[in-house]
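Here is the structure we will look at, set down as structure tokens.
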There are 2 protein chains.
Amino acid sequence: MAMDLDKFDRRILAVIQKDARRPAELIGTEIGLSASAVQRRIARMRDEAVITAEVAVVDPISVGRPLTMIVDVEVERERPELLASLKQWIAAEPVIQEAWYVTGAGDYVLIVVARDVDDFDALMQRMMGENANVRRFQTRVALSTLKRGVLVPMDQPAS
Amino acid sequence: MAMDLDKFDRRILAVIQKDARRPAELIGTEIGLSASAVQRRIARMRDEAVITAEVAVVDPISVGRPLTMIVDVEVERERPELLASLKQWIAAEPVIQEAWYVTGAGDYVLIVVARDVDDFDALMQRMMGENANVRRFQTRVALSTLKRGVLVPMDQPAS
DNA sequence: TTTGAAAACGCGAATTC
DNA sequence: GAATTCGCGTTTTCAAA
């Protein structure tokens with residue numbers, strides 16, 4: 001749910017969602033607050049789940065996953081019980097980085113990071129084999145990644 | 001480029017890409033290494049840019065951006081100089097979280113987080129207005145987000 | 001209620017072995 | 001790779017606005 005965050009909160013978020021290790025004192029001088037005030041606000045936003053997590057961003061290429069695929073999956077909407085198990089299958093599959101259920105003809109959009117084409121094909125085979133309601137899928141290969149991340153813009157009205 | 005990371009490196013990455021604040025000593029006991037060994041490995045992987053960043057993950061809904069859109073953008077490939085400026089436009093637009101150039105008929109895939117439909121429409125208007133090579137786009141609205149993140153699977157062969 | 005200052009604490013970085 | 005020392009960021013406390 002939408003939280004009411006003031007100008008300071010938003011400026012703190014704008015900073016730490018790019019660099020979570022930035023010392024609170026630095027942030028404080030940047031935005032005109034003391035270090036302790038900054039930390040208290042961060043702690044509060046963690047409690048409120050405005051800050052969901054603090055994570056290390058790993059370069060997929062460095063760990064041998066140079067391929068990113070965007071997969072449009074079309075499912076039969078007739079059998080809702082199969083939809084639930086497909087959701088679980090997606091959730092359990094670590095190679096699938098992101099997944100949305102979108103408007104359209106029963107479509108999922110998946111972001112998949114793969115070692116190579118064979119690796120990817122094997123995943124899709126498994127998906128088809130283990131989920132009877134998947135009618136078809138269409139794959140696009142990311143030729144270049146312009147942007148990747150979870151940055152949320154912070155240009156909200158101040159309060 | 002692909003780095004050679006051993007079993008320990010990969011297990012460390014698997015942990016900290018879910019929780020970057022986990023103390024090195026905890027990680028050490030989990031994987032059978034001393035705290036300092038864990039810290040040195042993390043420092044090394046930061047240097048090597050295996051770890052790209054450490055960031056706070058912010059809940060889009062909490063900050064008033066409840067809508068996620070997946071946008072397929074079709075561009076004319078005839079004028080490469082316009083492609084470069086479109087790239088810059090995408091990079092500069094904070095509302096666009098992710099962007100890939102993909103196989104197909106000159107297509108970009110964008111992940112956009114918006115305040116509301118009007119907000120989104122205004123962005124697309126701007127995109128069309130400021131980029132002459134954008135031929136058309138197609139939008140799908142994320143009805144539900146099953147998965148969101150930058151987790152890279154770590155099930156690589158040990159060394 | 002929230003701030004800023006100062007204290008104690010604990011984690012992580014550097015050094016040494 | 002492990003152990004110790006050291007520095008710094010965080011946490012806590014407290015007084016003031």
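Proteins get letters first, then strands, A, B, ... in listed order; numbering begins at 1 in each.
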In whole Å, what is the span from the [atom1] atom of [X] to the [atom2] atom of [N]?
X	N	atom1	atom2	result
A:Ile42	C:dT2	CD1	P	16 Å
A:Asp4	C:dT1	CG	P	15 Å
B:Glu25	D:dA3	CD	C1'	12 Å
A:Leu26	D:dG9	CG	C1'	11 Å
A:Ile27	C:dG4	CD1	P	14 Å
A:Asp9	C:dT3	CG	C1'	14 Å
A:Arg41	C:dT3	CZ	P	5 Å
B:Ile31	D:dA2	CD1	P	10 Å

List the steps, then state whether side chain to side chain contact (heavy atoms under 4.5 Å, CB included) holds for A:Ile70 with A:Thr139. CA-CA 6 Å; A:Ile70 292 97; A:Thr139 302; over 6 Å; no
Counting C-beta onward and ignoring hydrogens, is there a side-chain heavy-atom pair between A:Arg148 and A:Pro60 closer than 4.5 Å?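 When only atoms from C-beta onward are counted, A:Pro60 and A:Arg148 do touch, with a gap below 4.5 Å.
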Please list all pairs passing the ring-ring contact (aromatic ring centres under 6.0 Å, His included) test where one or both residues lie in residues 107-131 of chain B, with sequence neighbours left out.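 Every pair satisfying ring-ring contact (aromatic ring centres under 6.0 Å, His included) with a residue in residues 107-131 of chain B: B:Tyr101-B:Tyr108.
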Between side-chain atoms of residues 78-90 of chain A and protein atoms elsewhere (two or more places apart, or another chain), which donor-acceptor pairs fall under 3.5 Å?
from	atom 1	to	atom 2	distance (Å)
A:Arg79	NH2	A:Glu76	OE1	3.1
A:Ser85	OG	A:Leu82	O	3.0
A:Trp89	NE1	A:Glu130	OE1	2.7

According to side-chain hydrogen bond (donor to acceptor under 3.5 Å, both in side chains), who are the partners of A:Asp119, at least two apart in sequence or on a separate chain?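 Only A:Arg65 meet the side-chain hydrogen bond (donor to acceptor under 3.5 Å, both in side chains) criterion with A:Asp119.
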Not counting sequence neighbours, which residues clear side-chain hydrogen bond (donor to acceptor under 3.5 Å, both in side chains) with B:Glu93? List them please.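 B:Glu93: side-chain hydrogen bond (donor to acceptor under 3.5 Å, both in side chains) contacts with B:Arg126.
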NA contact type, A:Arg44, heavy-atom cut-off 4.0 Å: base, sugar-phosphate, or nothing?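 No contact.
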From CA spacing to verdict: side chain to side chain contact (heavy atoms under 4.5 Å, CB included), A:Met154, A:Val152: CA-CA 6 Å; A:Met154 282 299 142; A:Val152 180; 4.2 Å; yes
Starting at the 5' end of nucleotides 11-17 of chain D, put B wherever the base has a protein heavy atom under 4.0 Å, S where only the sugar-phosphate does, and a dash everywhere else. BBB----
Residue pair A:Met69, A:Ile111: steps toward the side chain to side chain contact (heavy atoms under 4.5 Å, CB included) verdict: CA-CA 6 Å; A:Met69 321 290 240; A:Ile111 306 296; over 6 Å; no
Please map the stems of DNA chain D, keeping only stretches of three or more Watson-Crick or G-U wobble pairs with both distances under 3.5 angstrom.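 For DNA chain D the paired stretches long enough to count as stems (3 pairs minimum) are C:1-6 with D:12-17, C:8-17 with D:1-10.
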Between D:dG1, D:dG9, C:dG12, which nucleotide gets closest to the side-chain atoms of A:Pro23?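 It is D:dG9.
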Please say yes or no: joined through hydrophobic side-chain contacts below 4.5 Å, possibly via intermediate residues, are A:Leu26 and A:Ile16 part of one cluster?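 Per the 4.5 Å side-chain linkage, A:Leu26 and A:Ile16 are not co-clustered.
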